[in-house]
Structures are given as C-alpha cells and as structure tokens.
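Notes to accompany the following structure.
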Number of protein chains: 2
Amino acid sequence: MTDALSRAFSALADPTRRDMVARLTEGDQTLSELAEPYDVSLQAVSKHLKVLETAGLVTRSREAQRRPVHLEADVFDLMTKWIERYRDRAEARYQRLDAVLARLEDLDPDAPHDTHEGAAS
Amino acid sequence: MTDALSRAFSALADPTRRDMVARLTEGDQTLSELAEPYDVSLQAVSKHLKVLETAGLVTRSREAQRRPVHLEADVFDLMTKWIERYRDRAEARYQRLDAVLARLEDLDPDAPHDTHEGAAS
DNA sequence: CTTGAAGTCAACCGCACGGTTGACCAAGGA
DNA sequence: TCCTTGGTCAACCGTGCGGTTGACTTCAAG
C-alpha cells in the first residue's frame with residue numbers, strides 16, 4: 001500500500017474513521033474528544049487517527065500537551081478527481097454504446113434487448 | 001465491513017483494482033482479458049473482481065461461458081457525494097473560523113482560545 | 001465423446017489491521 | 001515537588017486479505 005490514493009481510500013474504508021472525519025467538519029478536536037463517542041480504548045482511536053494522518057486527510061498541531069486534529073481538504077480533492085475521471089469516461093462510453101445498440105436495432109430487429117435509459121443524442 | 005461505503009472505499013484501496021476499473025472504462029472485458037497485464041494468477045484476479053462486484057462497482061453478465069465485466073457508475077457517485085459533503089463543510093468552516101479568529105484578535109489579543117464549539121449560524 | 005478454454009471453489013500461507021492491556025513520557029497546576 | 005491530564009509506544013491476539021496451487025465445472029467445437 002505504497003501510494004497516496006491507496007492510503008486515502010483505505011483510510012476511509014473504516015466506518016469509525018469516516019465518522020471521525022464527519023465530526024471533524026464541526027471543528028478541530030483533541031484525541032480524547034474524538035474518542036468519547038466510541039466504545040473502544042483511547043489507543044485504538046489514536047491508531048485510527050494515525051491512519052488518517054499518514055493518509056494526509058488530517059493534520060495535528062501542538063498546543064501545550066494537547067494535539068488538536070485538523071481536517072485537510074486536499075486529499076479529498078485527489079480522490080474525487082480520480083473517481084470522477086473514470087466515472088465520466090464510463091458514462092461517456094455507455095452513451096456511445098447506447099448509440100451503437102440503437103443503430104444495431106435499426107438494422108437487426110432480432111437484436112437482444114438491454115434495459116438502459118435513453119441517451120438519444 | 002458491513003456497509004456499502006466501506007466496501008466501495010476498500011475496493012478502491014487496491015492499486016490493481018483501481019487499474020482494472022480504469023481499464024474497464026475502455027469497454028467491458030472478460031476475466032482473462034483483465035488478468036492479462038498482471039503478473040498474478042487468474043484466481044487472484046477473479047478475487048479482485050469479486051471484491052469490485054460485491055462493492056457494486058462492477059456487474060457481470062452471462063454470455064456463453066464468458067462473463068464480461070461491466071463498470072457501474074452509481075456507487076462512484078455515492079462516494080463522491082460522501083467525500084464532497086464533508087470536504088465542502090470543512091472548507092466552509094475554515095472560512096468561518098478565519099473570520100472568527102480575525103474578530104477575536106481585534107477584540108482581545110490574549111483571548112484563551114477554545115477549540116471547537118463555534119458554529120451555530 | 002473427447003478436448004480445450006474460461007472460470008469457480010477450496011485449502012493453505014504470510015502479513016497487515018483493528019483491537020486489547022500495560023508501561024511510559026511531557027506539561028501544567030496544587 | 002508531586003500528581004493529574006493527554007497522549008504515545010510496545011507487545012500481543014484474532015481475523016481478514018492478497019496471493020498461491022490444485023481440483024473441479026461448463027460450455028463450444030472437433
């Protein structure tokens with residue numbers, strides 16, 4: 001799991017970590033604040049935090065003995081960019097496919113049907 | 001790992017699987033076609049495929065003894081929706097935070113800063 | 001009916017992950 | 001100075017994952 005994208009997706013593959021991210025949109029929080037709702041040890045939450053941190057989804061500052069956790073938007077952008085790149089290409093291809101199928105149907109009425117919403121460009 | 005979002009993120013956390021998705025945007029492919037570029041056994045690729053399938057990122061049809069793999073866009077949308085929801089809220093909050101900090105500094109440079117609990121607009 | 005191609009199923013292996021407990025450190029406040 | 005608060009480090013444990021090999025199923029073609 002060497003690359004950034006893998007680390008990011010993997011980090012968000014855990015419901016607890018996604019919940020932590022969700023709650024961090026309300027503002028920076030300390031480890032103990034973050035840990036409070038969950039029924040696990042502080043160390044476990046600390047590990048989750050480290051996963052989010054090495055994925056670049058989160059940063060931590062120093063402030064006396066507290067280490068507030070701060071959400072970082074950049075890697076999220078990286079992920080959406082990746083997803084949307086392929087999602088869009090897929091959609092585009094299917095629209096082309098629909099066109100091809102429509103043409104085939106014109107030529108050959110016995111062509112096997114496929115349920116798809118219309119794309120009639 | 002019960003929920004759909006976890007399955008989806010987890011599925012894309014693997015570089016090989018992401019590559020398979022990328023290549024599927026070029027069109028439906030069979031298992032053996034998909035497996036060809038990778039230096040692993042066919043069974044390994046079959047497992048990867050099953051992960052993508054149970055995550056709903058991909059579907060497979062029957063066509064004689066071939067089982068072409070087909071990219072499905074919906075779950076990708078689900079993921080981007082989740083990500084963007086929190087990314088946007090984070091961005092918005094930081095803008096509010098900046099405003100708050102600026103005002104605090106104006107009023108009282110020694111203000112004991114209390115992390116979180118700002119909000120409420 | 002046999003052969004071959006495309007895939008699946010099952011068992012196994014090494015390793016990383018999520019969780020635990022226990023010891024430890026660092027910074028304030030009494 | 002001592003103790004509490006906030007957090008880390010280290011070792012361990014069970015489970016799941018990515019990978020392997022080997023046997024099996026299915027279907028089409030000879």
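Residue numbering restarts at 1 for every chain, and letters A, B, ... go by the order of the sequence lines.
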- Please list, chain by chain and in numerical order, all residues satisfying side-chain contact (heavy atoms from CB on, under 4.5 Å) with A:E36, sequence neighbours excluded. none

- Task: Respond yes when some side-chain nitrogen or oxygen of A:T16 is under 4.0 Å from OP1 or OP2 of C:dG18, and no when none is.
- Result: no

- Item | Nearest-neighbour nucleotide for the B:K47 side chain, D:dG19, C:dG18, C:dT20 considered | D:dG19

- Residues forming a side-chain contact (heavy atoms from CB on, under 4.5 Å) with A:S41, sequence neighbours excluded: A:Q43, A:A44

- Message: Between P on D:dG18 and OH on B:Y38, what's the gap in Å once rounded to a whole number?
- Response: 14 Å

Atom pairs and distances, donor-acceptor, side-chain atoms in residues 51-61 of chain B, under 3.5 Å, two or more places apart:
| residue | atom | partner | partner atom | Å |
| --- | --- | --- | --- | --- |
| B:T54 | OG1 | B:K50 | O | 3.3 |
| B:T54 | OG1 | B:V51 | O | 3.3 |
| B:T59 | OG1 | B:E72 | OE1 | 3.0 |
| B:R60 | NE | B:R67 | O | 3.4 |
| B:R60 | NH2 | B:R67 | O | 3.2 |

- Item | Heavy-atom side-chain proximity of A:P37 to A:R23 below 4.5 angstrom | yes

- Item | Side chains of B:L31 and B:S46 in contact at under 4.5 Å (non-hydrogen atoms) | yes

- Message: Expressed as a whole number of angstroms, how long is the span from A:D14:CG to D:dC17:P?
- Response: 13 Å

- Using a cut-off of less than 4.0 Å, is there contact between a side-chain N or O of B:R60 and OP1 or OP2 of C:dT8? yes

Just the atom pairs and distances: protein N or O near nucleotides 24-26 of chain C's N or O, under 3.5 Å.
none

- Task: For the helix from C:dC1-D:dG30 to C:dA30-D:dT1, measure the angle between the helix axis at one end and the axis at the other, each built from five pairs, rounding to 10°.
- Result: 10°

- Message: Check this one for me: any side-chain N or O of A:R66 less than 4.0 Å away from OP1 or OP2 of C:dG28?
- Response: no

- To the nearest Å, how far apart are B:L42 CG and D:dT25 P? 18 Å

- Note on the structure: Rounded to whole Å, CD of B:E36 lies from P of C:dG7 at a distance of 13 Å

- Given atom CD of A:E53 and atom C1' of D:dT8, what is their separation to the nearest angstrom? 12 Å

- In whole angstrom, what separates A:L31's CG from D:dT8's P? 6 Å

- Going by the angle between their ring planes, with limits at 30° and 60°, are B:F9 and B:W82 parallel, tilted or perpendicular? perpendicular

Using a cutoff of under 3.5 Å, can you pull out all pairs of nitrogen or oxygen atoms linking the protein to nucleotides 21-24 of chain D, with atom names and distances?
| residue | atom | partner | partner atom | Å |
| --- | --- | --- | --- | --- |
| D:dG22 | O6 | B:Q43 | NE2 | 2.5 |

- Could you state the atom-to-atom distance from CZ of B:F9 to P of C:dC17 in whole Å? 18 Å

- Query: Using a cut-off of less than 4.0 Å, is there contact between a side-chain N or O of B:H48 and OP1 or OP2 of D:dC17?
  - Reply: no

- Message: Does B:T30 reach a base, just sugar-phosphate, or nothing at all? Heavy atoms under 4.0 Å.
- Response: sugar-phosphate

- Verify the contact: side-chain N or O of A:K50 to OP1 or OP2 of D:dC9, cut-off strictly under 4.0 Å; return yes or no. yes

- Atom CZ of A:R7 and atom P of C:dA16 are separated, to the nearest Å, by 15 Å

